[in-house]
Amino acid sequence: MDGALFWDELVRATGRAHLLQSAAWAELKRATGWTPRRFRLEDGPRLAGVAQVLLKRGPLGITVAYAPRGPLVDAADLPESLRALAASLTGERCASVLADPELAPSPDLESALARSGARPAGVFVQPRRTLLMDLTRTPDELLAAMRKKTRQYIHKAEREGVVTEETRDLDRFLAVLTKVAARDRFAVHDRGYFERLLAAFGDAAHLSMSSVGSEDDGALLAIHLGDRAWELYGGWSGAHGESRPFYLLKWRSLLAMKQRGVARYDMWGLSDHEGDELAGIENFKLGFGGEVATWVGAFDRPVIAPLYPLWRMVGRRRLAAAAR
């Protein structure tokens, strides 16, 4: 079996598959200077889980190490898994390994991590909170779980002739995303990045657009792995607001993933501040219903102790900026 396919089989077998632990994600990041290392984490004869760690040489020859949304282990195995990863990276001139697994926070887990030598990283590369949609429900059940206004706007977009479609046309996609970025003041990857993303994920990457008449006004890029999908990039340009095009685009994306066998749809991030649910895009997402999930956050585990203070001062923030 191809090495990438074999790795993705291991990732799925954990029951915690995440696209950031996939072979395709490693290939995408390799193009920006990251080198993947893959580990099977064993507890005697038992396979505890797996971890894909991305390495990059930083200032002063120090290597930064990041296990995005990993390691893929149960909470009870996380402290020992981080210890094992750190031990395996000692030959890399690595100060620390940062990890942000999708595990629920608990006093017991945080105490166990502290006893093992892992510390809160103080930075977040990935969102600590997100919204998960249960796509095992019927379309009618999904609609019923939404806020009234969200349902109304979906139906309004349908009545007013908003068109949605799947496409591989990156020029159209980036034209909308660039408008969104200019309004909301965030950076957009260049065209080459999205070309590599589509090539790496192939048919698992789904790019969809909404339009009114001849004008594109919404764009979404979702990726599925196993029975889960993640909405990575997208937004509404601001055009044709009276027709509510982005509500319909989001709804059609959910239905498209459901048709492909996806059970959970991740809207990719909510604010880290519990009081911000009613602000802007947060409020828009929450209108679709779903379950708010909060993860334990980012922890780092020293690898080479004398280098660790330098990592705390400089390396971790560079990593957070570079790994997104």
Practice item. Report yes or no: do Asp134 and Tyr265 form a side-chain donor-acceptor pair below 3.5 Å? Key: no

Exercise for review: Indicate the atoms forming the closest heavy-atom contact of Leu132 with Ala293, along with that distance.
Suggested key: CD1-CB, 3.9 Å

Revision key, fill the gap. Smallest heavy-atom separation, Ala181 atom then Val188 atom, equals CB-CG2, 3.2 Å

Point to revise | Considering all heavy atoms, the nearest Gly287-Thr150 contact | key: O-OG1, 3.1 Å

Review point. Take atom CG in Asp203; do more than 12 heavy atoms of anything else shown fall under 6.0 Å from it?
Key: no

Check your understanding: Taking the side chain as C-beta and beyond, is there a heavy-atom pair between Arg172 and Met209 under 4.5 Å?
Key -> yes

Review point. Side chains of Arg57 and Thr63: is there a donor and an acceptor less than 3.5 Å apart?
Key: yes

Check your understanding: Which heavy-atom pair separates Phe173 from Ala219 by the least distance, and what is that distance?
Key -> CD1-CB, 3.5 Å

**Study point:** Any side-chain donor near an acceptor of the partner, Asp217 and Ser210, under 3.5 Å
**Key:** yes

Point to revise | Within the 6.0 Å centroid threshold, strictly below: Phe194 and Tyr233 | key: yes

Review point. What is the ring orientation for Phe288 with Phe284, classed by angle as parallel under 30°, tilted 30 to 60°, or perpendicular over 60°?
Key: perpendicular

Check your understanding: Counting distance only, does the side-chain N/O of Arg38 pair as donor-acceptor with the main-chain N or O of Gln52 below 3.5 Å?
Key -> no

Review point. Checking side-chain hydrogen bond (donor to acceptor under 3.5 Å, both in side chains) against Ser243, which of Glu160, Arg159, Lys156 comes through?
Key: Glu160

Study note, to complete from the structure: Correct closest heavy-atom pair for Val73 and Ser81 would be CG1-OG, 3.6 Å

Point to revise | Heavy-atom closest contact (Phe246 atom, Gly218 atom, distance) | key: CD1-CA, 4.3 Å

Exercise for review: Say whether Arg69 and Gln21, considering side chains only, have a donor N or O and an acceptor N or O under 3.5 Å apart.
Suggested key: no

Check your understanding: Are Trp25 and His18 near enough that their ring centres are under 6.0 Å apart?
Key -> no

Exercise for review: Determine whether the side chains of Thr164 and Arg252 contain a donor N or O and an acceptor N or O closer than 3.5 Å.
Suggested key: yes

